[in-house]
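Step one of this worksheet: look at the structure below.
Computed from heavy atoms alone, side chains included, the values below leave out hydrogens, waters and symmetry copies. We number each residue from 1, following the sequence as shown.
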Amino acid sequence: MLQSTDRIKYFMAQPSKKDHIALSARPLFFEHGIKGTSVDMVVKASKVSKPTVYNHFPDKSALFYHVVSLWLAQQSAVSLTSSSEQALIEELQNAWLHSEAITFYRLIIGEGNRAVEATQLFKQHYDAVWRADLKDWCAQQGIDALRVEDKVSHYLLNKLMA
């Protein structure tokens, strides 16, 4: 039997039921989109009951919001440290525009109207952040930020269309 302090440590190490459901739903959203992911699919993936899902999330929009917020919390803070424009673009591609981020961009662009608050969260705390960092880096280097942002946006668009 676990002692009281051991029990606290055990339960603290476990993700909350809400987080568990959201983490189980993320690959479903990635594969099927917001519209294509049903609550029944989430129930099956998370191995909880449908009432449990609805107890934590009134609708898929709220669930997707929590998926985005958990993902954002898992992202490491990135400071742009490149010494050249080409290295900067590569750094952005690796640090900010990696495959999971591209998948979120696809969901947000394609189905963001189904989860408006999650879309706003992603734009404010992810997209706007790297763009602001890019502008700051360009200002420090004396480089035209719009030109560099256009190059990076072109890269992003190509990844989204691939």
Side-chain angles (χ1 to χ4, degrees), residues 12-39 41-42 45-46 53 56-162:
M12 287 177 63
Q14 302 295 317
S16 70
K17 184 80 65 170
K18 184 175 185 176
D19 291 354
H20 169 73
I21 294 166
L23 291 171
S24 299
R26 184 167 74 189
L28 298 172
F29 285 126
F30 280 9
E31 184 176 348
H32 304 286
I34 298 168
K35 181 180 180 181
T37 300
S38 69
V39 173
M41 293 165 73
V42 174
S46 63
V53 172
H56 292 287
F57 304 103
D59 55 31
K60 278 196 296 185
S61 176
L63 173 57
F64 188 66
Y65 181 91
H66 197 65
V67 167
V68 172
S69 66
L70 285 176
W71 183 80
L72 288 170
Q74 293 172 341
Q75 302 308 299
S76 301
V78 177
S79 297
L80 300 176
T81 60
S82 300
S83 57
S84 71
E85 184 178 322
Q86 183 57 39
L88 170 74
I89 292 170
E90 290 174 15
E91 184 178 5
L92 282 168
Q93 291 168 355
N94 293 327
W96 287 98
L97 303 176
H98 48 78
S99 62
E100 277 193 341
I102 297 298
T103 302
F104 271 110
Y105 272 105
R106 283 189 182 114
L107 283 168
I108 296 298
I109 291 169
E111 297 187 78
N113 61 327
R114 296 181 186 281
V116 174
E117 291 176 349
T119 297
Q120 292 170 345
L121 180 69
F122 181 82
K123 286 180 179 178
Q124 290 172 353
H125 295 281
Y126 197 79
D127 187 70
V129 173
W130 73 256
R131 290 180 189 275
D133 287 352
L134 171 65
K135 287 177 185 172
D136 290 346
W137 184 91
C138 287
Q140 291 171 0
Q141 303 295 320
I143 296 173
D144 179 15
L146 288 177
R147 184 178 53 76
V148 177
E149 188 173 4
D150 282 349
K151 285 183 179 182
V152 176
S153 293
H154 181 76
Y155 168 83
L156 177 58
L157 180 61
N158 284 333
K159 293 299 269 184
L160 292 170
M161 294 174 59

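Applying the side-chain contact (heavy atoms from CB on, under 4.5 Å) criterion to Thr37, with sequence neighbours excluded, gives Leu28, Phe29, His32, Val42. Annotation: side chain to side chain donor-acceptor pair (under 3.5 Å) contacts of Asn113 (sequence neighbours excluded): none. Looking at residues two or more places apart in sequence or on another chain, you find a side-chain contact (heavy atoms from CB on, under 4.5 Å) between Val116 and Gln120.
With hydrogens and angles disregarded, no donor-acceptor distance shorter than 3.5 Å links the side chain of Lys60 to the backbone of Val39. Proximity of a side-chain donor or acceptor of Ser82 to a complementary backbone N or O of Ala87 within less than 3.5 Å is detected.
Taking all atoms of both residues into account, the shortest heavy-atom contact from Phe104 to Val68 is CE2-CG2, 3.7 Å. The shortest non-hydrogen separation linking His66 to Ala22 is CD2-CB, 3.5 Å. Nearest heavy atom pair, residue Tyr126 against residue Leu97, reads OH-N, 4.4 Å. The heavy-atom pair separating Ala25 from Val67 by the smallest distance is CB-CG2, 4.4 Å. In terms of heavy atoms, Gln124 sits closest to Val129 at O-CG2, 3.7 Å. Of all heavy-atom pairs spanning Ile21 and Ser46, the tightest one is CA-CB, 4.1 Å.
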Q: Go through the steps for Thr119 and Phe64 under the test side-chain contact (heavy atoms from CB on, under 4.5 Å), then give the verdict.
A: CA-CA 9 Å; Thr119 297; Phe64 188 66; 5.7 Å; no
Q: Report the C-alpha separation of Leu107 and Phe30 in whole Å, then their side-chain angles, then the decisive distance to 0.1 Å, and conclude whether the side-chain contact (heavy atoms from CB on, under 4.5 Å) test is met.
A: CA-CA 8 Å; Leu107 283 168; Phe30 280 9; 3.9 Å; yes
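The distance from atom NZ of Lys151 to atom CG of Leu92, rounded to the nearest 0.5 Å, is 12.5 Å. Interatomic distance, Leu157 CG to Ile109 CD1, rounded to the nearest 0.5 Å: 8.0 Å. Atom NE2 of His154 sits about 10.5 Å away from atom CG of Asp150, to the nearest 0.5 Å. The CH2 atom of Trp96 lies 10.0 Å from the CG atom of Asp127; values are rounded to the nearest 0.5 Å. Taking OG1 from Thr103 and NZ from Lys159, the interatomic distance works out to 10.0 Å, rounded to the nearest 0.5 Å. Distance check: Leu70 CG to His20 NE2 gives 12.5 Å after rounding to the nearest 0.5 Å.
Here the two rings, on Tyr105 and Phe122, have centers that are under 6.0 Å apart.
Using a 4.5 Å heavy-atom threshold, the side chains of Arg131 and Ser153 count as touching. Contact annotation: the side chain of Val78 never approaches that of Asp133 to less than 4.5 Å [non-hydrogen atoms, C-beta and beyond].
Listed by first and then second residue, the side chain to side chain donor-acceptor pair (under 3.5 Å) pairs involving residues 134-148 are Glu85-Arg147 (not counting sequence neighbours). Screening residues 101-118 for salt bridge (charged side-chain N to carboxylate O under 4.0 Å, His left out), with sequence neighbours left out, gives Glu111-Arg114. Among pairs with a residue in residues 15-32, those fulfilling salt bridge (charged side-chain N to carboxylate O under 4.0 Å, His left out) read Arg26-Glu100, at least two apart in sequence or across chains.
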